[in-house]
Number of protein chains: 2
Amino acid sequence: MALTQEQRQMIVRHPLFSHFKAQAQEELLADALVRDYDTQALIQRQDDPAERFYLVQSGKVKLYRISADGKEKVVEIITAGNTFAEAIMFMQKSVFPVCAEALEPVKLIGFSNRLMLRHLEQNPQTCLHLLGHMSVRLHQRLDELEHLTLQNATQRLALYLVSQVRDRAGDSAEIELILPKSLIAARLSIKPETFSRAIANLRERGLIDSRARQISIPSIRNLLDEFAGGQQHTEHKASIIASDSL
Amino acid sequence: MALTQEQRQMIVRHPLFSHFKAQAQEELLADALVRDYDTQALIQRQDDPAERFYLVQSGKVKLYRISADGKEKVVEIITAGNTFAEAIMFMQKSVFPVCAEALEPVKLIGFSNRLMLRHLEQNPQTCLHLLGHMSVRLHQRLDELEHLTLQNATQRLALYLVSQVRDRAGDSAEIELILPKSLIAARLSIKPETFSRAIANLRERGLIDSRARQISIPSIRNLLDEFAGGQQHTEHKASIIASDSL
DNA sequence: CGGTCGGTTGATAATAGTCAACCTCTGTGG
DNA sequence: CCACAGAGGTTGACTATTATCAACCGACCG
């Protein structure tokens, strides 16, 4: 089961592979494994050993954590064209730190961690790219941590809505929620009920207008200003790493 | 102002430098910059441009974020022998994502990002080490995210106490808090008052015994079991990376 | 001796979670 | 064509958790 031309394109263009030499690319492609999952299928369980990382060819994948008492925290939603579980290969103990579930019919392309590591050893360029990637990721987690601790449910929702705006040309915008509201709520670490109330709250105050999954924002500026400047107007991007936990 | 022998030792033994060739090490050492800060001194402001990363020679450094409305979130406490801000050098826009403040008199050794990057380009070994480092860090943030959303203040405190146990030989332990309680509280994202009540709570239930900063845990197992197994007994270590935010 | 810092304790308020009812689509089968 | 079931979403009443404000305690310092 060789890869289609379309698949090869997608892979080779991905920053994780684009800097490799043709030969290295070929080896990785030869080793790639395509897998399909139905909606709701469990792709990988938390604490399973991880030998591969994945590129999502189509569909959406939900990454979440299950705590000892069964509660679930959605960590991320991975959409087509993006990879997940790349960072695990650099750790000694290679187990999946999260569960992965298909939100819709999903096609994944899996790559061997071992093989990838071998090629990385000879390709500092891609290593640096990966480091860049991970820095961004780390920074995003830092943002999320801040949002969780320093902002309330409504503020987080507002920030999420703004982040969903595609065209930042004007001060007003129309957006369509790409996921069921209950999932967005989970991603923001709030209950669907609270999510619903937060939407209602913003609507009552005239900051947004919503019909089902269509939401219009008359003024992005107003929406952000409402919350003490909500990150001084979408500025600040960077990340930090530090070698010691308290 | 050349480095002392002691400083050179500390640097060269650090995993970030230990894999470089002698010559590369020398170049980095030659470029290193030593700086002193008094207690409470502001080392770096959030959003300042960052040209260097730092190794803490002595003292403790508090990394924290300030949100637009002035609230502070303590991200990490860096102790002697550890580095911070290494991840920033991999990002295009190099600004500090957090503030850094000296908790006590601090000696820092700063290294040029540019120079370090140049050497990394020729040393995939260290790149991979760095990637490992960052994976661990990413995973820790994931843990923290889980703890913040899925556990309450008392559970987080219990987990913190257990994490502070040095000698895991027996089931009981004695620990000494290395930081003022109010700072630990900040790190756990709770108010000092709540922290105090949580301690009282655990004490009332006989799960810990505390006199000032000396805390004894009769049974670590009991303490953890109290909270639905609190991460199935200190297991699970790994991290994930994913290339798309919701 | 007074002051201040770190910490504790109490009363109260804000925020979000829980539980339950209900609503509104949408697709299915009678 | 209509009833009905079920999923996703909304709303209301109530509860739990944590923050806030304020008083207070004890230790250490000048």
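What you see is a predicted model, and the numbers here were worked out from it, not measured in a lab. Residue numbers begin at 1 in each chain, while the letters A, B, ... track the order of the sequences.
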Subject >> Side-chain N,O (A:Lys191) to OP1/OP2 (C:dC19) below 4.0 Å >> reply: no
Original post:
Can you tell which of C:dG17, C:dT15, C:dA11 lies closest to the side chain of A:Asn152?
Top reply: C:dT15
Original post:
Thinking salt bridges, do A:Glu176 and A:Arg213 make one under a 4.0 Å N-O criterion?
Top reply: no
Original post:
Among D:dA19, D:dT20, C:dT18, which nucleotide sits nearest the side chain of B:Glu193?
Top reply: D:dT20
Original post:
Would you say the base of C:dT24 and the side-chain of A:Arg211 have a donor-acceptor pair closer than 3.5 Å?
Top reply: no
**OP:** Rounded off to whole Å, could you give me the CZ-to-C1' distance for the B:Arg197 and D:dA19 pair?
**Re:** 9 Å
Original post:
Reckon B:Ser189 touches a base, only the sugar-phosphate, or nothing at all at heavy-atom distances under 4.0 Å?
Top reply: sugar-phosphate
Original post:
Can you check the B:Leu150 CG to C:dA16 C1' distance for me, whole Å?
Top reply: 15 Å
Original post:
Expressed in angstrom and rounded to an integer, what is the separation of A:Ile190 atom CD1 from D:dT10 atom P?
Top reply: 12 Å
Original post:
Atom CD of A:Gln151 and atom P of D:dA19: how far apart are they, to the nearest Å?
Top reply: 16 Å
Subject >> B:Glu76 bridged to B:Arg141 by N-O distance under 4.0 Å >> reply: yes
Original post:
Taking only side-chain nitrogens and oxygens of A:Arg213, does any of them come within less than 4.0 Å of OP1 or OP2 of D:dG8?
Top reply: no
**OP:** In whole angstrom, give the distance that lies between atom CG of B:Leu179 and atom C1' of C:dG7.
**Re:** 15 Å
Original post:
How many angstroms lie between CG in A:Leu63 and CZ in A:Phe96, if you round to the nearest 0.5 Å?
Top reply: 7.0 Å
Original post:
Does B:Glu146 pair with A:Lys73 as a salt bridge, N-O distance under 4.0 Å?
Top reply: no
**OP:** Side chain of A:Ala153 only, please: which of C:dG7, D:dG9, C:dA16 is the nearest?
**Re:** C:dA16
Original post:
Just to confirm, is there a sub-4.0 Å distance from OP1 or OP2 of C:dG7 to any side-chain nitrogen or oxygen of B:Ser182?
Top reply: yes
**OP:** Take the protein atom CG of A:Leu148 and the nucleotide atom P of D:dA19, then report the distance between them rounded to whole Å.
**Re:** 13 Å
Original post:
In terms of side-chain heavy atoms of B:Arg156, which of D:dT11, C:dT18, D:dT18 is nearest?
Top reply: D:dT18
Original post:
Which nucleotide, C:dT9, D:dA19, D:dG9, lies nearest any side-chain atom of B:Thr194?
Top reply: D:dA19
**OP:** Let me know the distance between CZ of B:Phe195 and C1' of C:dG6, rounded to the nearest Å.
**Re:** 12 Å
Subject >> From A:Leu157 atom CG to A:Gln151 atom CD, the distance as rounded to the nearest 0.5 Å >> reply: 11.5 Å
Original post:
What integer distance in Å separates A:Gln155:CD from C:dA16:C1'?
Top reply: 14 Å
